[in-house]
Protein chains: 2
Amino acid sequence: MPKIVNHEEKKEQIAAATWRVVLRDGMKGATVRSIAKEADISLGALRHYFSTQDELLAYAMQLVRERANARIQDILGEDLPPKTMVRRILFELVPLNEDTRAEMDVWLAYVFSLGRKADSLGVQQDMYSGIRKVIEYLEHRRLLREDLDKELTAETLYSLVDGLAMHAFLEPRRLTKERIAAVLTSYLDSICIDE
Amino acid sequence: MPKIVNHEEKKEQIAAATWRVVLRDGMKGATVRSIAKEADISLGALRHYFSTQDELLAYAMQLVRERANARIQDILGEDLPPKTMVRRILFELVPLNEDTRAEMDVWLAYVFSLGRKADSLGVQQDMYSGIRKVIEYLEHRRLLREDLDKELTAETLYSLVDGLAMHAFLEPRRLTKERIAAVLTSYLDSICIDE
DNA sequence: ATTTTTATAATACGGTTGTGCTGAAAAGGA
DNA sequence: TCCTTTTCAGCACAACCGTATTATAAAAAT
């Protein structure tokens, strides 16, 4: 056997380089050459790990999803008051620090570059059902106002979260993280029973 | 003087071809060549109206904005009950028919392809202030619940509108227009005084 | 009819793209 | 030591990109 190199680790390094390039130059600048340069490897080496550009981008972007999922799973493992836990989870889906902001920006640039393919590729498919579960969790803990339509509330919260992420991308100077947090908190309060 | 050709009209035809290309192939496929082909003109003819690609795209996308603005101005000119007028305006900002959906999809693909330039270019500048005015209009007509923070409410509504547009783009099969209308209507009701 | 200006077409050019191909270097197993 | 397999580098190629240049056609103005 040849030189030992952790395949998965190397692929993640390349994915990280991909993120940096997308953040710096947008999806248009995310060429295989510039990514290889950013990762400080040759074009041939890059192609050894990803045989096509689509494969590379799909991997790099799926990794973004997995990271976000992992963070949410961590929060679910903690022992927190229900409403605090819900707020913490929602705060992970919205750009409140430089890391999550970078993740969101990369993700948004990618999904919108897919054009009409985004639907069939099923990007962000389990997001709505995830938000749905959050709402049901609130109801189960008797924290949700009882006059609300659960489906509509979930859809509203879901749109609110991604709308905030979108505006944080397009207008980062106007939409500060404090403002994002305030919007999300106030909406959460508005659908919860006040006590 | 030479052959008479309505300059502005021709540019709008080319812009329309640009929209079709972006919808079909995404921003990546929006090359000057494919746009010229879609508009059924030569590359040289295209270049006679737009000397650079950026200029063409900027024109085509600003036209999208102007169309939306014009539709809203039309509604403002009508004589409608205040809440109906507000709902009608919000419905123009969200993809509820094939035309507005196409407009939104093209617009979203464009602004996200700009990457970090979007902020400095000030795309969708006056959107927030526009929503702000809608909220103030509701308050002035004594329709807005008085316990609400106006700024936060405007920011929430703004994010909700664009979040819905975004999801209509990414998940058109799940998020039907009926559902979009229901979400927007229910949120509008929730911030208005019930009577 | 001739001039002049615009509209359009055709072609060219330098650069970049994704991807394929070849071969060498490296390193564990025999 | 030799062999096999992985890792990686480099180059090549065809296609496409945005833009520039040039030439032709058309039509209003003189």
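Order of the sequence lines fixes the chain letters, A, B, ..., with proteins taken first and strands second; residue numbering starts at 1 for each chain. Basis for what follows: all heavy atoms, side chains included, without hydrogens, waters or symmetry-related copies. Predicted model, so just to flag it, every value in this text is computed and none were measured.
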Is any side-chain N of the basic residue among [X] and [Y] closer than 4.0 Å to the acidic one's carboxylate O?
{"X": "B/E103", "Y": "B/R67", "result": "no"}
{"X": "B/R116", "Y": "A/D25", "result": "no"}
{"X": "A/K150", "Y": "A/E136", "result": "no"}
{"X": "B/R174", "Y": "A/E155", "result": "yes"}
{"X": "B/D126", "Y": "B/R65", "result": "yes"}

Give a yes or no on whether the backbone of A/S34 and the side-chain of A/T31 come within a donor-acceptor separation of less than 3.5 Å.
->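 The answer is yes, because a donor-acceptor pair under 3.5 Å joins these two groups.
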Distance check needed: [N] [atom2] versus [X] [atom1], whole Å only.
{"X": "B/Q13", "N": "C/dT8", "atom1": "CD", "atom2": "P", "value": "10 Å"}
{"X": "A/L46", "N": "D/dG10", "atom1": "CG", "atom2": "P", "value": "14 Å"}
{"X": "A/N6", "N": "D/dC8", "atom1": "CG", "atom2": "P", "value": "12 Å"}
{"X": "B/R47", "N": "D/dT21", "atom1": "CZ", "atom2": "P", "value": "9 Å"}

Looking at [X], I'd like to know whether one of its side-chain N or O atoms comes within less than 4.0 Å of OP1 or OP2 on [N].
{"X": "A/H48", "N": "D/dT7", "value": "yes"}
{"X": "B/H7", "N": "C/dT6", "value": "no"}
{"X": "A/Y49", "N": "D/dT7", "value": "no"}

In residues 26-44 of chain B, what residues come within less than 4.0 Å of DNA chain C, judged by heavy atoms?
->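 Of all residues in residues 26-44 of chain B, the ones placing a heavy atom under 4.0 Å from DNA chain C are B/R33, B/S42, B/G44.
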Contacting residues from residues 52-63 of chain A, given that a heavy atom lies under 4.0 angstrom of DNA chain C | A/T52, A/Q53
Point-to-point distance, once rounded to the nearest 0.5 Å, from CG of B/L164 to CD1 of B/I180 =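 Spacing of CG (B/L164) from CD1 (B/I180) equals 6.0 Å.
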Roughly how far, to the nearest 0.5 Å, is CG of A/L143 from NZ of A/K83?
->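 The CG atom of A/L143 is 7.5 Å from NZ of A/K83, to the nearest 0.5 Å.
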Is it true that the side chains of B/Y49 and B/E8 contain a donor and an acceptor less than 3.5 Å apart?
-> no
Would you indicate what A/F50 reaches in the nucleic acid, counting non-hydrogen atoms under 4.0 angstrom: base, sugar-phosphate, or nothing?
-> nothing
